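These notes are about the structure you will find just below.
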Protein chains: 2
Amino acid sequence: MSLRHALLGLLAQGPASGYDLTRAFDGGIGRYAWQAGHSRIYPELAKMTEAGQVVVDETGPRGRKSYALTEDGRAELRRWMFHWPEQATVRDETVLRMFLVQSLEPDDARTLLEGIAAHCAAEIEELRPLMEAEDAEHREGDPLPFGRLAGEYGLRQYEAVHGWATWSLERLVGVGAAR
Amino acid sequence: MSLRHALLGLLAQGPASGYDLTRAFDGGIGRYAWQAGHSRIYPELAKMTEAGQVVVDETGPRGRKSYALTEDGRAELRRWMFHWPEQATVRDETVLRMFLVQSLEPDDARTLLEGIAAHCAAEIEELRPLMEAEDAEHREGDPLPFGRLAGEYGLRQYEAVHGWATWSLERLVGVGAAR
DNA sequence: TCTTGACATGTCTGTATGGACAGGTTGAGG
DNA sequence: CCTCAACCTGTCCATACAGACATGTCAAGA
């Protein structure tokens, strides 16, 4: 039911339509945390409405329906945020690839790790200026822009992977060189 | 089809039964990368056999069937490892919670971040000695134990999250204190 | 006026998946 | 000899999900 909580969390920022929420999943949340297409989002919003966690607070042009969180919805979000299961759902293709690097021939592993390192470096160069621009606009005392923490998470994530790939390359050198 | 590639990657380490593979998912790979239960693994192994990517190389007691990678299977694994889709599958409940921290009241957010930081610190203290023990046993020139790179990844991951949570707490202090 | 792209909501089908259901074997220790 | 835990393989069902299919509106610019 994580999709439901993702939607509750996004709606906690303010009312949004199914379309808006679908767009949100194109951004950082869909890239790093949880994917969802509109074909899942619309039915889920319907079920959440039935469950009393959201309401249609406004309709707009083109049949637009704007959803807002109810008290029940906010309570459920809070409950979920504080209730960590022992085994959280995880299914991450990128991390899986990292786990399986050692299944490749040493030469292939090295090539792949070099690719990962380069890719991370490129992402970092793209993300860092965005974060710095946000910080420059930010005034003392204002709430942080939504996604600032998430963006920082993504950045640190890439830095960690970059460091890992570099470290792994060093560790593999001995094996490959001895070939 | 990532489950298939996870299985191919695990089998690249050597033959294993469905039961062995199920156990493997209880470890790091299932915790950080990809979850799978035996009810998915057995049917998938059957399909992979049909596709010629694995073969039953040996039967043992209790109906045990040991699967081994074929050349086709190894080729498919390699192909997949080098073929990165623009948008990789990701569905990670833990990361989702991090994205949604800003949806909470500042006080709740602070409590949660403190919990995350403490949790990460505990995991780091558990993982680091394991890695150090493996390194102490490791001799120059030997191949790294399977999972050493993955373990290092997990460790660096926790360190990154810990750093992020600490940083986030600092950034939120202004908001909370001004309340 | 026309066309195009963005806005907007939905359904349907095949596959993925988790959790329950189901059943049988073997070895070690009491 | 017995029992129990670990070993071992499977199926079934309800739900989750991705991607295709389907439909229609509105605003801006040519």
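Here the structure is a predicted model, which is why all the values come from computation and not from measurement. Proteins come first, then strands; the chains are lettered A, B, ... in the order of their sequence lines, and each starts at number 1.
Taking atom CD of B:Q35 as the reference point, atom C1' of D:dC17 lies 16 Å away to the nearest angstrom. Atom NE2 in B:H38 sits about 10 Å away from atom P in D:dT11, given to the nearest Å. Distance B:D26 CG to C:dG19 P: 13 Å, rounded to the nearest Å. Atoms CD1 (A:I41) and C1' (C:dA8) sit 13 Å apart, rounded to a whole Å. Between the OH atom of B:Y42 and the C1' atom of D:dC12 there is a distance of 17 Å, given to the nearest Å.
Between B:K65 and the phosphate of D:dC7, there is no side-chain N or O to OP1/OP2 separation shorter than 4.0 Å. For C:dT17, one of the phosphate oxygens OP1 or OP2 lies less than 4.0 angstrom from a side-chain nitrogen or oxygen of B:R40. Between B:R91 and the phosphate of D:dA18, there is a side-chain N or O to OP1/OP2 separation shorter than 4.0 Å. Contact annotation: B:Y19 reaches the phosphate of D:dC7 (side-chain N/O to OP1 or OP2, under 4.0 Å).
Judged by a 6.0 Å distance limit and a 45° cone about the ring axis, B:R97 is positioned over the six-membered ring of A:W80. The side-chain tip of A:R156 does not point at the ring of B:W164 from less than 6.0 angstrom away and within 45° of straight on.
With respect to A:K65 and A:D57, no salt bridge is recorded, no charged nitrogen being found less than 4.0 Å from a carboxylate O.
Two residues, B:G18 and A:S39, neighbour DNA chain D, and the one matched to the more 5' nucleotide by heavy-atom proximity is B:G18. Summary of the strand contacts: A:P61 and A:P43 both lie near DNA chain C, and taking for each the nucleotide with the nearest heavy atom, the more 5' one is attributed to A:P61.
Ranking C:dG24, C:dA8, D:dT11 by closeness to the B:R62 side chain, first place goes to C:dG24. Distances were taken from every side-chain heavy atom of A:L3 (C-beta onward) to each of C:dT9, D:dT11, D:dC17; the shortest belongs to D:dC17. Distances were taken from every side-chain heavy atom of B:R64 (C-beta onward) to each of C:dG18, D:dT9, D:dC17; the shortest belongs to D:dT9.
Proximity of A:L100 to B:I29: side-chain heavy atoms (C-beta onward) are separated by under 4.5 Å at one or more points.
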